[in-house]
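Structure record follows, encoded as structure tokens.
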Amino acid sequence: NSHLLKKLLREDLGFKGFVMSDWGATHDTKGSIDGGLDVEMPTGKHFGELYGMIPQGDVPEEALNQMVTHVLTSMYFAGHLDGRFPADGNLFSPATSEAHNTVARDTIIDGAILLKNDGALPLSAAVKKIALIGKYCDQVDDNRFLQGSVYSGGGSGFVDTTRTVTPLKAIQAHFEKSEVEIVFGAEGGAAEGADIAVICAAAHAEEGWDRSNLTLPEASRLSREVRATSGGEAIKVVMLASAPGAITVEWISEVDAALLLFEPGEQVGPAVAMLLTGEASPGGRLPVSIPEPGENRFRQGEYPGVCENNTWCENMAATFSEGTLVGYRWNQAKKVQSRFPFGFGLTYTEFAFSSLEASCSSDGVAEVVLRIANIGDRDGFAVPQLYVGFESLKPVLRQLRGFQKVKVPAGGETGVVFVLGEEDWSYFDEASDRWISAVSKGEQIKVWVGSSSIHLPLSANLPCTGSDVVLA
């Protein structure tokens with residue numbers, strides 16, 4: 001599609017890389033090249049015809065040169081032409097290194113989301129017995145899955161590994177030289193007598209099918225079983241949830257703390273050990289809204305779809321009628337509260353946002369500045385989020401236009417600056433087929449800053465004037 005791949009992608013957005021087909025999705029050589037495709041995958045079923053088409057003039061040589069340039073540009077940018085990825089001639093030789101393991105572990109920590117913490121984390125030095133509950137504390141594979149594993153999703157992008165370190169193995173290693181007792185059981189009864197019970201629960205998703213619901217399998221049952229043990233009400237219960245996307249949290253009132261990881265991968269164990277003990281602090285914020293159980297977001301016609309006379313059939317039609325009300329935008333416009341909102345995430349410390357100021361320059365650039373103080377007793381990462389709203393954005397009330405992740409030492413304070421431009425207060429007008437600045441229409445631009453899509457204690461109006469149409 002030349003309008004999408006050449007006009008919008010390259011001309012308007014300035015994309016310099018190459019466009020690659022999905023596997024088996026190329027069906028016409030000349031049409032695909034004219035439409036902006038650079039690479040056919042996984043074989044040259046159609047692009048192999050270029051050998052004959054160029055001499056015959058069916059495809060100009062300049063088009064081929066352009067395709068090659070897009071690929072070489074990307075290779076150069078990534079460092080392939082500078083020897084950054086030396087090959088030893090064996091494609092199956094291990095690429096893993098301790099440096100890679102560290103990146104994988106730290107990525108899990110940076111993305112871990114603390115949903116709840118009633119004094120259970122980080123673990124107290126007084127803890128003498130830790131119970132790991134649930135089969136997934138020490139299980140990587142599940143024969144019910146067609147693709148992927150417990151801690152990774154399945155599909156075209158799945159990479160198999162034999163190096164996954166489970167939470168059980170990592171926690172055992174972490175406390176190996178201490179007097180802390182580590183026990184493991186697939187059922188909740190194994191938690192009896194423990195100070196801390198860590199429940200490992202995981203939801204799975206893979207290419208080719210949808211999850212039948214958003215529940216976290218076994219989470220509710222295991223948490224009830226732990227509480228039902230002798231002395232179970234005194235146990236500090238931590239839910240370790242691994243998920244491929246949004247989940248419901250019917251069990252949240254049964255636990256003292258909840259850590260959510262999104263398909264963490266093979267270094268899940270070491271990352272979890274560091275998070276539980278406080279060697280590391282969860283640094284993630286929710287990239288999705290966690291709904292209340294029973295949230296009625298979609299009608300049957302929107303998902304999973306309908307057939308004639310409201311019957312089931314092989315070719316159901318799903319109508320995407322939500323428009324711009326996607327995710328947290330829907331919750332705000334419909335005044336439906338999420339259980340945990342987009343952008344939410346606790347830390348092992350507390351932050352205070354203050355002193356918001358907004359200004360505009362004559363060249364249409366706005367600055368929003370604020371101060372963030374760490375008012376707790378541990379170092380931590382604050383994630384201030386900036387949302388923008390204006391009249392022509394409706395029915396959307398406000399949308400995320402920037403966020404930063406800043407480390408603030410205990411008792412310390414830092415400043416944060418957001419820089420905005422016309423693209424941040426513009427909307428696409430379908431009637432005129434162009435982007436229009438809301439300021440050029442005389443609309444007031446308001447900004448909010450806070451720690452999630454609904455926790456927005458600071459706000460200000462931007463004093464910007466005179467902006468014109470952004471894109472023709």
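Along the sequence shown, the residues carry numbers beginning at 1.
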Side-chain contact test, heavy atoms from C-beta onward, threshold under 4.5 Å: evaluate it for [X] versus [Y] and give yes or no.
{"X": "Ile199", "Y": "Val238", "answer": "no"}
{"X": "Ile372", "Y": "Pro384", "answer": "yes"}
{"X": "Ile290", "Y": "Thr248", "answer": "no"}
{"X": "Val268", "Y": "Leu261", "answer": "yes"}
{"X": "Glu295", "Y": "Gln337", "answer": "no"}
{"X": "Ser437", "Y": "Trp425", "answer": "yes"}

I need the full list of salt bridge (charged side-chain N to carboxylate O under 4.0 Å, His left out) pairs touching [range], with sequence neighbours left out, sorted by first then second residue.
{"range": "residues 200-212", "value": "none"}
{"range": "residues 386-398", "value": "Glu391-Lys394"}
{"range": "residues 364-385", "value": "Arg371-Glu413"}
{"range": "residues 50-73", "value": "none"}

Open item on the list: Classify the ring geometry of Phe344 against His455: parallel below 30°, tilted from 30° to 60°, perpendicular beyond 60°.
Closed with: tilted

Task: Residues that His204 engages under ring-ring contact (aromatic ring centres under 6.0 Å, His included), provided they are two or more places apart - done: Phe145

TODO: With sequence neighbours excluded, tell me which residues meet ring-ring contact (aromatic ring centres under 6.0 Å, His included) with Tyr76.
DONE: none

Task: Audit row: Phe418, Leu370, side chain to side chain contact (heavy atoms under 4.5 Å, CB included) steps and yes/no - done: CA-CA 9 Å; Phe418 290 98; Leu370 69 147; 3.9 Å; yes

Give me the atom names and distance for the closest heavy-atom approach of [X] to [Y].
{"X": "Lys6", "Y": "Ile33", "result": "NZ-O, 4.1 Å"}
{"X": "Gly265", "Y": "Thr164", "result": "O-CG2, 4.4 Å"}
{"X": "Ser354", "Y": "Leu458", "result": "N-CD1, 3.8 Å"}
{"X": "Ser289", "Y": "Ala246", "result": "O-CB, 3.9 Å"}
{"X": "Val19", "Y": "Leu37", "result": "O-CD1, 3.6 Å"}
{"X": "Val368", "Y": "Leu420", "result": "CG2-CD1, 4.3 Å"}

Task: Working for salt bridge (Lys or Arg N to Asp or Glu O under 4.0 Å), residues Asp82 and Arg84 - done: CA-CA 6 Å; Asp82 299 322; Arg84 183 180 179 189; over 6 Å; no

Open item on the list: Please determine whether a side-chain nitrogen of the Lys or Arg among Asp433 and Lys7 lies less than 4.0 Å from a carboxylate oxygen of the Asp or Glu.
Closed with: no

Open item on the list: Using ring centroids (six-membered ring only for Trp), state whether Phe351 and Phe381 fall under 6.0 Å.
Closed with: no

Open item on the list: Please report whether the ring centroid of Trp435 lies less than 6.0 Å from that of Phe428.
Closed with: yes

Examine distances only and state if a side-chain atom of [X] and a backbone atom of [Y] form a donor-acceptor pair shorter than 3.5 Å.
{"X": "Glu322", "Y": "Glu302", "value": "no"}
{"X": "Glu263", "Y": "Gly245", "value": "no"}
{"X": "Asn1", "Y": "His3", "value": "yes"}
{"X": "His46", "Y": "Thr26", "value": "yes"}
{"X": "Thr319", "Y": "Ser321", "value": "no"}
{"X": "Gln332", "Y": "Ser453", "value": "yes"}
{"X": "Tyr151", "Y": "Tyr136", "value": "yes"}
{"X": "Asn331", "Y": "Val336", "value": "yes"}
{"X": "Gln385", "Y": "Phe403", "value": "no"}
{"X": "Tyr328", "Y": "Gly343", "value": "no"}

Between atom [atom1] of [X] and atom [atom2] of [Y], what is the distance when rounded to the nearest 0.5 Å?
{"X": "Asp424", "Y": "Arg401", "atom1": "CG", "atom2": "CZ", "result": "4.0 Å"}
{"X": "Met75", "Y": "Phe18", "atom1": "CE", "atom2": "CZ", "result": "9.0 Å"}
{"X": "Ser338", "Y": "Arg297", "atom1": "OG", "atom2": "CZ", "result": "6.5 Å"}

Task: Whether over 12 other heavy atoms sit under 6.0 Å from Lys405 NZ - done: yes

Task: Among Leu259, Leu346, Thr277, side chain to side chain contact (heavy atoms under 4.5 Å, CB included) partner for Leu121 - done: Leu259

TODO: May I have the step-by-step check of salt bridge (Lys or Arg N to Asp or Glu O under 4.0 Å) for Lys169 and Asp138, ending in yes or no?
DONE: CA-CA 7 Å; Lys169 292 294 189 293; Asp138 195 38; 2.9 Å; yes

